[in-house]
Amino acid sequence: MTVIARRLAGHLARGIVMVLVVATISFFIVRNIPGDPVAARYQKLLEQGMSPEAAERATAVMYGFLPKGTLWEQYADYMTGLFRFDLGVSVTHPGSPVTSVLGEAAKWTVLPVLAGTLLSFLVGVIMGVYAAIKRSGKLGDFLAISGSLLHGVPQYVLALLMGAIFTTLIPVLPQGGTADILFEPGFNAGYIGSLIEHATLPVVTYALASYGGWILAMKSSVVTVLGDDFILAAELRGMKRTIIFRYVARNAILPLFTILALSLGLLFGGAIFIEKIFNYPGLGFLLIDSVVNRDYALMGGAFLLITAAIIVANILADLFYTVIDPRVRSGEEASA
Amino acid sequence: MSSAILETTSTAATMRRNFWRGVWRVMKRKPSRLVGAVIVLGFAFMGVFGPMFYPDVLPRDTSRLYAPMSAEHWFGTDGQGRDVLAQVITGSRYVLLSALVTAVITVVLGTAIGLFSGFKRGRWDTVLMRLTDMKLTIPGLPLLLVLSTVWSFGSAIEMGLLLGLLGWGGVARAVRSQTLSLRERGFIEAARGLGLSTTHIVGKELLPSMAPYIAMNMLIAVTGAVYAQVGLFFLGVLPYEADNWGVMLNLSVFGGGALTTTAALPYMLAPLLAILLLTLGIVLVVDAMDEIFNPRLREE
Amino acid sequence: MPGQAPGVRIDGLTVVYKTPAGELPAVRDVSLRLEPGTITGIVGESGSGKSTLALSLLNAVQPPGRIAAGSVDIDGLGDVVGLRGEELRKARGRHVGYVFQAAQNSLNPLKTVGKQVLDLGRSHGVEDLRGLVRDAKELLGRMGLDGARVLDSHQHELSGGMRQRVGIMLALVLNAHLVVLDEPTTALDMITQANILKIVREVHAERGLTTLVITHDIGVVAEVADRLAVMYGGRLVEQGPTRQVLGDPRHPYTKGLIRAIPRLTGDISEARALPGRPPTLATVPERGCVFRDRCELRMDVCETDDPAATAHGDRIVACHAVKVREHA
Amino acid sequence: MITGEGIVKTFKQRGNVLGAREVRALRGVDFAIPKGGAASFIGESGCGKTTLGRIIAGLETYDAGELTVDGLAMSALKPKQRQPHFRKIQLIHQDPYSALNPTRTIHQTLNAPLTLRAKQTGRSKAWIEERAAEVLSLVGLDPGSVLARYPHQLSGGMRQRVVIARALTVDPEMLVADEAVSMIDVSLRLGILALLKDLRERLGVAVLFITHDVATSRYIGDDGELYVIYRGQVVERGPVDTVIADPVHPYTQSLLSAIPVLHGLERPGEQPVAPVESMEDGQDESGCLFAPRCPFRGERCGERPLLQVTEGIAQEHACFYPERRSVVARPMSEV
Amino acid sequence: GGGTTNQSSSGGGGGGGGLFTTIDVNRPGIDASAPANPYNPKGNSFLGYNAMKLAWVKNHLTDPNQFYPGIAESWELAPDNSAITIKLQPNNKWSDGKPVTAEDVKLSIGIAYTQGSTAFALTPGAAGAAAEVEVVDDKTVKVTQDMTNPSSKFARGVLDTFVAPAHIWGSVLPTDFWDKLKASRGEGADAEKAREEITALGEKIITFAPEKDVSAGPFILERANPGEALLVKNKNFYNAASVAPDQVKFLNYTGNEQIWNYLISGKLDHAGFTAAPADVMNRIKQAPGTNIIKGYSPVAVGMAFNQTKKPYDNVHVRRGLAYLIDRAEVTKVASPEGGTPAVTTSGIHQKAAQEWLGAELNNLEPYNADPAKAEEEFKAAGLQKKDGKWALADGSPWKVTMTAPSGFSDWISAQENIKGQLVEAGVDAEVVTVADYPLYLEEIAAGKYDVGFWLIALGPAPYDIYQRLYGASNGWTNVAGKIKHAAPGKSGNWMGGAEKVEVDGTEINPGELTGKLNSVSAEEAKPIMLQLAKAANQDLPVIQLWDYVNTQFTNTSRFTGFPEQDSDLLRLPAGVWIQLGMVKKSS
Ligand SMILES: Nc1ncnc2c1ncn2[C@@H]1O[C@H](COP(=O)(O)OP(=O)(O)OP(=O)(O)O)[C@@H](O)[C@H]1O
Ligand SMILES: Nc1ncnc2c1ncn2[C@@H]1O[C@H](COP(=O)(O)OP(=O)(O)OP(=O)(O)O)[C@@H](O)[C@H]1O
Ligand SMILES: [Mg+2]
Ligand SMILES: [Mg+2]
């Protein structure tokens, strides 16, 4: 297990450096954004019919939520805050620390994306095996091309098509929101049913969008393994089909687990288009919203969280690999 | 000795002819690949010549806003009463041009960095690869969203430039590993042993071996770039651009209610179909290239 | 239950591969007899069809190849070419043990050797799995390995020679009495090779096996085989008792091959390479003798007629020139 | 004249923060190859033969010791200055297919170094073409039919000849042939070996032959020297035929004993030596490196023996208990 | 408080239900974790439902001082506008049972100071600021105006104030708050410091999170999630007997298309103003029970010129463009349901213009689309026409570059349409967008654009109407009742209009006239409004394109009694309609 410990130490060191770098980059990008959130709010109030003076004064309060001091002081504050998990105060959500706004939104991203990822992984892997076994037939061709197409098509195309079908043409699914408020939140059928109903479109779309990748990856992995000598050897030893299938499956799925772990890093930022199109109040949505509203702190925070998740997933993927693959576990470097 | 040269060139020509015959055979084996090639060529034609068929400002017919599909307007009209298909065609130039810029930058930068890193190895390699790792770790779309607020996208070229600057990581990584594995192949070592210049080694030995691979990456980068920019326009975080696919999507959904009623649906579907078709074309062509350039299959 | 040391009769075996240029034979009209209890060696250069022939013994030619004609009759099993499905699967491993060409990589990298032995047992309905593991351990011990340790190891923890021995163990542990070894020592170094060859010989004798060894290295055959068959371009050009063939080769190819072996002792000026180059699937002539392009005894008939394999006492040679000489 | 003194090479496998794995590939190797001479390095897989060859060809650096080319110590020179010297030493790769760029014709492959040379010596284009044809003829290929081809259109033997021809374009003083025939069909091997010998004789090129097949080492010339290497150390060194006929180091003896006997043509040696089987991991680093596998291990073997000359023995060896044993098979005809 | 919910009533089906479903169009994105705090922009405090003001401003065409009762039952304004006496609802209680008192109002006014309201402004000399707040008795409060810079909107400023329960919110203001306030009134460093301290309190107030929602409105917050918020009836509300719904469900929305979908599926009992394309509107109309109420919305949009840039400094160019643009077509394309084409470009919303200008309105040049006149004007401006294209006087090409913030789809559509119209008439044009609204505002104020869209005619107060044309953006600032003018390009003067304009032969200073509107009575304002309307219409600092129409959606399947067309309740939240007892369950 020392291998794991050693790897972990290295990864953690690198990960922390990476987070700091990203935090720095995002800090400076975000502080260079032209446009003034206060002015934006002022004009919004005007549109809502508030008199100009009232609007001006109402927005003046928001100055209190803008960071103060020189750029370098702000930077120092930001970085020290980071160590306390303090990302500052959001302008568009005054009174809520950025971390809690992010936390609320993260809840609504992680679960659907996790569900979507696992769903697509499951289906994609199974279909990938099919595509590999039937690779010289029509079915295999179809699976492979449809996989490439689904993999190639951007998320928003799928989301828009799904939206057009299920909210415009046959309006059966709700568009937006997380659950019907009339249901008492908790572990009751009504609430959970409502949660599922609201999450169906985002989850299914996300699953559809990532399904193509899985089927392709699994197909090529299975094809590789099928070409490996030990499979032919097992066959020549008269091993049962089921056992050989297990050999293929286990060896083929191994590299996919790493990709799976990596794709879990996208949990937080993986569904920006889908959340936007289905108005699902997750992190991606929050990020767009903060960009549009020039909410520095929130934007920086969301970006940092999304990146940090990926870094953590990278580390986990590597450790995971170390644990499940005996070759790596025993210290032999896997040839990259 | 001139006869030798003559013979060489003629044989080279035969080789080339054989190559094209091989291409044709691969294409013919699965007719879908021909379809793919036709689609890709069609898009290229559309991007280059499409806008020439229309006036700079498309004619509008305010009596027919969001008109349904008809023989006259294949994909109906938009909220200004302009023909949707015409917009897809005139809009293709921006999208494809900037995608091409992106692809070129991605591939050139990625290849250069990957080559340098893989070829020099040592300290430079470590530094560049750390950088690449970092780039690859930072999620692209969120970064673009944040960047869209500081960067003003004046033109297709500029758009392509930024996307290209953000996109080279994957290619660099891949080219590096290719370079590393090619380096292990004896012929690179032999060239060094013969005292051939680095320029020769990189330009004449390494690059040609990777050319198909790079070409495939380039095609894939084109699709990636199309998606990214159309997506950003769709989200509305980039400045409006008349006759742009992403803007069309944005206007159809958030202005025309394409996800609410059917009137603006053709308006939304047209650019979506264009993207789907382009993807399909490129997927099919890449599939064919995969086979054409696969060394195993190249040995006849 | 497998009988003791089965005999094998290969008759008119032709195996073709589907290529862009159509179906081409990798093994053509080969007839060969493996006498019970003997070690037969097949030598041939790369691409001459050795592995294809060996796989045919298990009816295991991989697509895009297929057995196009002929039969492989194994005592106690019948014609393997006709076997299908479960029958075929059960024959593999149980009746015929196969040691893979790339035995280096013939183990599942994710499972310990022991687990793979158990998988093998389950596949063949062995009830006494414990006994099977014991047998495996014994076999490994017999081959000079620490059985317990090896069974508990993953492939990557074993050296090349150890892996090869594990491969042999897996071929024998179910008590198969016909064993096919495809290039058992390629990629091993000299000392390990000598060791493996010794083991092959000993185990063959102890267990009463019929063994087929396939190799491109005449030395290996010379070391272990009782009988020797020479393959060229998918054809068996000569076969006979090893010593006889080595000492007195008849077929021009065999002669050339033996002359081309770099030798440790003796006059080096006698050694000479064969001119020309070995054929590949695509360049093997469709009609006539496959060796004629490199043959110094070429005659007109070689262009058109495939020489038939004819017996000359213990020897079988397929050459027009040899026939002519015999008759002369 | 190329000599090496105490060449040491240790590979540090890239580890992480907490330590790297070291592979001691060469542990102080001495050798000397005269102009136009021949030497063979033999030994088991992983003993460091390739590493040594690459160091000699200038493709790899060494950690200690000194490599001298024509009296010049290479470590004293800057990389740029070393290059022309190393260009005189050309490596012939084991795998002739990977040694040729599959995307370039033979013509292009030969032209590149020739153009460089023409530029340096101010020769014309015509010379390049002429010379290309000439080197191909030298290696026994017909320029007309080969020049325009791609490597995959040639057989293994032809490819290896092309590789040698390419090395000849720079007029090398030495060819380092690293297992140059092991991937070539048996029937063609001798052709390449004969070619190397022929080049020695005709062009005066020295040949360093690296192999694990002892027999092939005889074919580059009877004036050649044989170096037997074990785990990065030369354990025996002498004229090829002497070492083969009368090996004194138990490792050499094991190696020679392991060579299959062509029953029917040869009879086996009388005193074959089989090494004691030992696990490869946890190798002992102290004392004689072969001792753990040595059947004749004695008390002194706890020390590391140096290459030495002892009385009554023609070759140098690194063994405290050298003894001639007749291990190699003899032709039937000899007896 | 609040009872358990009736889970079977979900969805919104069935007649005469107790659940009222609505959407707060002013606030996209419900923040489930935000406090029930009316001062917090994301707070779960919904105006008219659980957030109460002293009174509710009527949507009157011209009079800013008309109200419906809220916390205040009645009020009395001194004839000279110098003071207002407010009487609170006698029986009103907070949802926790405590009575609503004058102290609550006083505290709320204190809070209003920290938040910068119109009447309770800290800036010395601000127009219409209160001088004194006096608790007359338990249910009466009197507020006097500082008469140094009086405003006609004083009453509005006072009554348009949130009221929060003092027993919950008392802690947010320090005990010496009122002394501090006094101190802040003067000049000098002490006063400045006091003002700063008070403003700093604003932040604390915005973030204040009461443990539970205590409301004097008809409803109390029950819970919220990111998609929806649920309110239940407040039994202590003074008019609880007339409040029809038991529960109110607020739906979140993040894009208009969501509102459209809800409306089409008949889910909403009410939704505020939402622009919708024609086809969507048709589908909404077809939904059973849909009822669309339209009314006055005191905003118009104008195409504004940066007169420091050539050739827009020339009034003839501006007029020529006005003659070229068919405003009806623009409106049809850009805002078919949410706007009516501007009849003139007087700077006043069409509906209010009739009131202010009467018959004079008909004398204003309507700038009907007329290419011939446009050509005349362009020629008068010295522009040249070459090959059917207009070029500048010096022959250099002319391109009308219109800028809009991206995401403002109606503005962009309008500009696209105008572009098309102009190009057809030989004027080259383009549409450029900037990433977003904040940037747009920053850049337009910096004078970076030639032409951009600008909201004008912010009624009903006359000063507010013209302040957008002749206010800070055009160089005039009103500090303590004194009007100052800054040169074009300075201090935010990006419009760069002339300081004096000739109207009917006399030169006027529109900025000063606008300033006057702040304090004069309605009658006195009329002639000034006419002068300014003429000035705006002739000088055309902006071309008024369309006047917004407030379109509200209701559904009568479950509830009836919604306001009529053009009702003065239209711009008030449905919560106010409910609390006034108008909304009834349908039978
Ligand atoms: N899957 C395949 N598809 C097409 N041709 C094949 C296939 N497998 C083998 N061949 C061809 O069949 C011929 C015989 O192959 P085989 O593997 O039996 O040769 P071999 O004698 O075992 O060679 P080696 O010494 O390299 O193992 C070769 O020419 C080879 O190219
Ligand atoms: N680049 C490298 N990095 C790390 N270790 C290396 C490297 N090159 C060689 N080695 C190690 O050095 C030792 C000697 O290798 P070398 O290739 O010289 O052996 P060899 O005698 O040529 O073996 P073979 O007969 O298999 O070709 C081996 O243990 C090998 O693993
Ligand atoms: Mg084989
Ligand atoms: Mg080597």
Side-chain angles (χ1 to χ4, degrees), chain C residues 43-47 144-146 149 157 159-162 185 187-195 197-198 216-225 228 232 241-248 253 256-268 271-278 280 294, chain D residues 42-47 154-158 181 183-195 197 211-219 222 241 244-245 251 254-266 268-269 272 274-275 277 279-281 293 328-334:
Chain C
V43 282
E45 287 175 279
S46 182
L145 295 180
D146 173 356
R149 209 208 87 162
E157 294 163 303
S159 73
M162 290 160 88
T185 58
L188 297 180
D189 56 53
M190 282 299 171
I191 297 176
T192 317
Q193 162 171 310
N195 216 315
L197 293 181
K198 193 170 126 233
H216 63 265
D217 186 345
I218 292 197
V220 169
V221 183
E223 193 64 59
V224 296
L228 168 64
Y232 186 83
T242 308
R243 281 163 201 260
Q244 283 186 32
V245 176
L246 285 181
D248 174 25
Y253 173 66
L257 192 63
I258 290 170
R259 197 165 51 211
I261 304 170
R263 303 275 285 281
L264 205 50
T265 45
D267 185 2
I268 61 172
R272 182 149 304 125
L274 261 170
R277 55 163 149 164
T280 64
R294 305 172 77 183
Chain D
I42 64 164
E44 272 174 297
S45 178
C47 70
L154 303 176
S155 74
M158 286 160 92
V181 295
M183 290 186 68
I184 293 176
D185 278 308
V186 192
S187 64
L188 304 174
R189 272 185 203 173
L190 271 180
I192 302 291
L193 291 173
L195 169 65
K197 189 174 173 199
T211 182
H212 58 255
D213 180 1
V214 192
T216 50
S217 62
R218 292 176 75 214
Y219 287 76
D222 38 21
D241 284 329
I244 288 177
Y251 175 65
S254 318
L255 210 54
L256 293 171
S257 307
I259 297 167
V261 181
L262 292 176
H263 297 282
L265 290 175
E266 300 169 337
E277 195 62 35
M279 292 299 167
E280 283 179 20
D281 43 22
R293 299 175 69 186
V328 289
R330 305 273 162 193
M332 299 278 224
S333 52
E334 256 183 36

Are the side chain of [X] and the backbone N or O of [Y] linked by a donor-acceptor pair below 3.5 Å?
X	Y	answer
D:R218	C:L264	yes
D:R189	C:A260	no
D:S155	C:P278	no

Is it the backbone or the side chain of D:L195 that comes under 4.5 Å from a heavy atom of chain C, or both, or neither?
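Contact with chain C is absent: no heavy atom of D:L195 under 4.5 Å.
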
Check whether D:L262 gets within reach of chain C through its side chain, its backbone, both or neither, counting any heavy atom under 4.5 Å.
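For D:L262, the contact with chain C is made by backbone and side chain together.
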
Proximity breakdown for C:I268 and chain D, heavy-atom pairs closer than 4.5 Å
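For C:I268, heavy atoms of backbone and side chain both lie under 4.5 Å from chain D.
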
So what's closer than 4.5 Å to chain D heavy atoms on C:E45: side chain, backbone, both or neither?
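C:E45 touches chain D through backbone and side-chain heavy atoms alike.
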
Under the side-chain contact (heavy atoms from CB on, under 4.5 Å) test, residues paired with C:S46 that sit two or more places apart:
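By the side-chain contact (heavy atoms from CB on, under 4.5 Å) rule, C:S46 matches D:D185.
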
Most contacts with chain D, counted as non-hydrogen pairs under 4.5 angstrom, among C:P275, C:G276, C:G256, C:A271
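So the answer, after comparing C:P275, C:G276, C:G256, C:A271, is C:A271.
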
So which of D:A274, D:A215, D:G264, D:A194 has the biggest tally of heavy-atom pairs under 4.5 Å with chain C?
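When all of D:A274, D:A215, D:G264, D:A194 are compared, D:A215 has the most.
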
Mind checking what makes side chain to side chain donor-acceptor pair (under 3.5 Å) contact with C:R294, not counting sequence neighbours?
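So C:R294 forms a side chain to side chain donor-acceptor pair (under 3.5 Å) with C:Y232, D:S187.
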
